[in-house]
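Some notes on the structure that comes next.
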2 protein chains.
Amino acid sequence: MSRAAPTGWQAVHDEALRRIQTREWPPGALIPGEEDLAAELGCARATVNRALRELAEAGLLERRRKAGTRVTEVPSRRAQMSISRIAEEIETRGARPGYALIAADDTPMPPARRHALGIGPDTPTRHVEALHLADGAPYVHENRWISLAAMPAAASADFTTMSANEWLLRHAPFSHGTLDYSAAAAGEAASHLGCDAQTPVMVLDRATFGPETPITWVRLTYAPGFHLHMKI
Amino acid sequence: MSRAAPTGWQAVHDEALRRIQTREWPPGALIPGEEDLAAELGCARATVNRALRELAEAGLLERRRKAGTRVTEVPSRRAQMSISRIAEEIETRGARPGYALIAADDTPMPPARRHALGIGPDTPTRHVEALHLADGAPYVHENRWISLAAMPAAASADFTTMSANEWLLRHAPFSHGTLDYSAAAAGEAASHLGCDAQTPVMVLDRATFGPETPITWVRLTYAPGFHLHMKI
DNA sequence: CAGTGGTCTAGACCACGGG
DNA sequence: CCGTGGTCTAGACCACTGG
């Protein structure tokens, strides 16, 4: 019935997790030091360290030199979600992905966005507007600006068959970014999404940065019914 | 100008990251084995392993025994966000948290939710409805059911001053859960949030499980203007 | 079957920071 | 100051899996 018992550091991890969940190590309690635990569990200190480090990263333990390791009083855990190509996202939902370019031009980036992204007024950008489809139905509307300073090749890239989303994932050396989800009325994207302008939809504003420079900013307006699923 | 150069495994991590970003190790390429890298960088194999493991967890590398380590073709990265007490979430936004209980009763859990959560029809639940405030203004409406099979103490808990959210974080041995964000019209929560019933708002459906049993299901309806921020 | 990553060990040194 | 976690090392064995 039960899964095979892990060995090594996972066994230590699981045992520590058990003691936390059973309140054998209650919230706020100071747990034994690595050396003691290693002796008790019959393994090396490095093994205990690995296990406790994972639990600390998960937010269940707080570790500080000299002070020792404590069980977090009110665990503040991390929710995770995988960010991938939009086409892959659609496939994951069991649908056939489609793509249609609406416009690829030089529409200027809104000044407010330029400023937020840290793109100077002289930096050229390219604008791309497109629609992603799931089984032929509108899935998400994409409105994007790409910094030509960071990605000069984007000036001549062909976005009629490959979406800017995928093109950037393949060509941009991106290092970090921010995602900002909000609820809004469909507004201008409504006609593309086949819904009413006042229909509530999920909007994702996403900024992406390379090692040193801003690369792109995009607003994704999802069709009604979209829901963002995460695990913790 | 530049930050202090890390040493140890972080130095290896940063060096590998640099080679990936500069395309010195292009997407899809097989990178040197741990032993080779350790020799080249002048450290132990365990140090290289630690560094490459982090990069693999970040989705930038794919590692397989015997096959070696490759640079991910299209990196599918993870977005993270910290899940904490609602009061803490409000404080993080620079506001003073407030709380008001609306109802704590035995309103039955909707059958569809019972089924989705895996709670049998005979399992008793407690219902709690409340409003969280930020600087006195409505922040989020909470509509929750708690399984009394998993948390019998919830039957007699007082939710007038401490929210069910915080009470559960302190008392429930929760292990995992799911979060589901969507956009919807404010609907029934509109009166509590001080907005129109058709105003688009963010809705979070959250299921929480203990080591073996379902604990609670909650629908959080956020006030207009809420936005979910994540980093990648 | 053999090469690669995954992990464990025993010992060591060090950095941080509580007392 | 000095205990605790953070990390490194050299070596070893093992598990998985590609060729």
Side-chain angles (χ1 to χ4, degrees), chain A residues 3-20 25-73 75-76 78, chain B residues 3-20 25-73 75-76 78:
Chain A
R3 299 171 181 282
T7 59
W9 71 266
Q10 292 197 15
V12 179
H13 173 281
D14 290 357
E15 172 61 14
L17 181 58
R18 188 190 64 78
R19 294 185 186 185
I20 294 169
W25 289 344
L30 186 65
I31 76 173
E34 295 187 346
E35 204 111 35
D36 294 341
L37 276 176
E40 178 196 337
L41 301 175
C43 64
R45 185 169 80 95
T47 305
V48 173
N49 182 280
R50 170 79 186 269
L52 298 188
R53 176 160 35 90
E54 302 262 336
L55 288 169
E57 282 173 8
L60 293 173
L61 292 177
E62 287 174 346
R63 323 196 70 196
R64 265 152 42 199
R65 287 173 161 105
K66 170 70 181 179
T69 301
R70 290 182 178 279
V71 180
T72 309
E73 291 270 9
S76 158
R78 286 179 183 171
Chain B
R3 302 170 180 281
T7 58
W9 70 267
Q10 293 195 14
V12 179
H13 173 280
D14 291 358
E15 171 60 14
L17 181 58
R18 188 190 66 77
R19 295 186 185 185
I20 294 170
W25 289 344
L30 186 65
I31 77 171
E34 296 187 346
E35 204 114 32
D36 295 340
L37 275 177
E40 179 196 338
L41 301 175
C43 64
R45 185 169 77 96
T47 305
V48 173
N49 181 280
R50 170 77 187 270
L52 298 188
R53 177 162 30 95
E54 302 261 337
L55 288 169
E57 283 174 5
L60 293 173
L61 293 176
E62 288 175 344
R63 322 196 71 197
R64 264 152 44 203
R65 286 173 160 106
K66 169 72 179 182
T69 300
R70 289 180 178 281
V71 179
T72 308
E73 290 271 7
S76 159
R78 287 179 182 171

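Lettering follows sequence order; numbering is per chain, from 1.
Straight-line distance from the NE2 atom of A/His13 to the C1' atom of C/dC8: 18 Å, rounded to whole Å. Atom pair A/Glu34:CD and C/dC8:C1' shows a separation of 15 Å (rounding to whole Å applied). Rounded to an integer number of Å, the gap from CD of A/Gln10 to P of D/dA15 is 14 Å.
Side-chain contact check for B/Val71 versus B/Leu61: some heavy-atom pair is nearer than 4.5 Å.
Taking all atoms of both residues into account, the shortest heavy-atom contact from B/Ala11 to B/Pro6 is CB-O, 3.4 Å. The two residues A/Thr47 and A/Gly8 have their closest heavy-atom pair at CG2-C, 4.1 Å. The two residues B/Leu60 and B/Pro75 have their closest heavy-atom pair at CD2-CB, 4.2 Å. Looking at every heavy atom in both residues, B/Leu55 comes nearest to B/Ala16 through CD1-CB, 3.5 Å.
Projected onto DNA chain C by closest heavy-atom contact, A/Arg45 and A/Gly42 fall at different nucleotides, the more 5' of which corresponds to A/Gly42. Ranked by how close their nearest DNA chain C nucleotide is to the 5' end, B/Glu35 and A/Cys43 are led by B/Glu35.
Counting non-hydrogen atoms of neighbouring residues, nucleotides and ligands closer than 6.0 angstrom, the CZ atom of B/Arg78 reaches no more than 12 such neighbours.
Between the side chain of B/Arg70 and the backbone N or O of B/Gly28 there is at least one donor-acceptor pair closer than 3.5 Å.
Residues from residues 62-73 of chain B lying near DNA chain D, meaning a heavy-atom separation below 4.0 Å, are B/Arg64, B/Arg65, B/Lys66, B/Ala67 in numerical order. Residues from residues 46-58 of chain B with heavy atoms under 4.0 angstrom of DNA chain C, sorted by number: B/Asn49.
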When the side chains of residues 39-46 of chain B are checked against the rest of the protein, which donor-acceptor pairs come out under 3.5 Å, sequence neighbours left out?
from	atom 1	to	atom 2	distance (Å)
B/Glu40	OE2	B/Arg19	NH1	3.4
B/Glu40	OE2	B/Arg19	NH2	2.6
B/Arg45	NH1	B/Glu34	OE1	2.7

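Nearest to the side chain of A/Trp9, among C/dC13, D/dT9, C/dT7, sits C/dT7.
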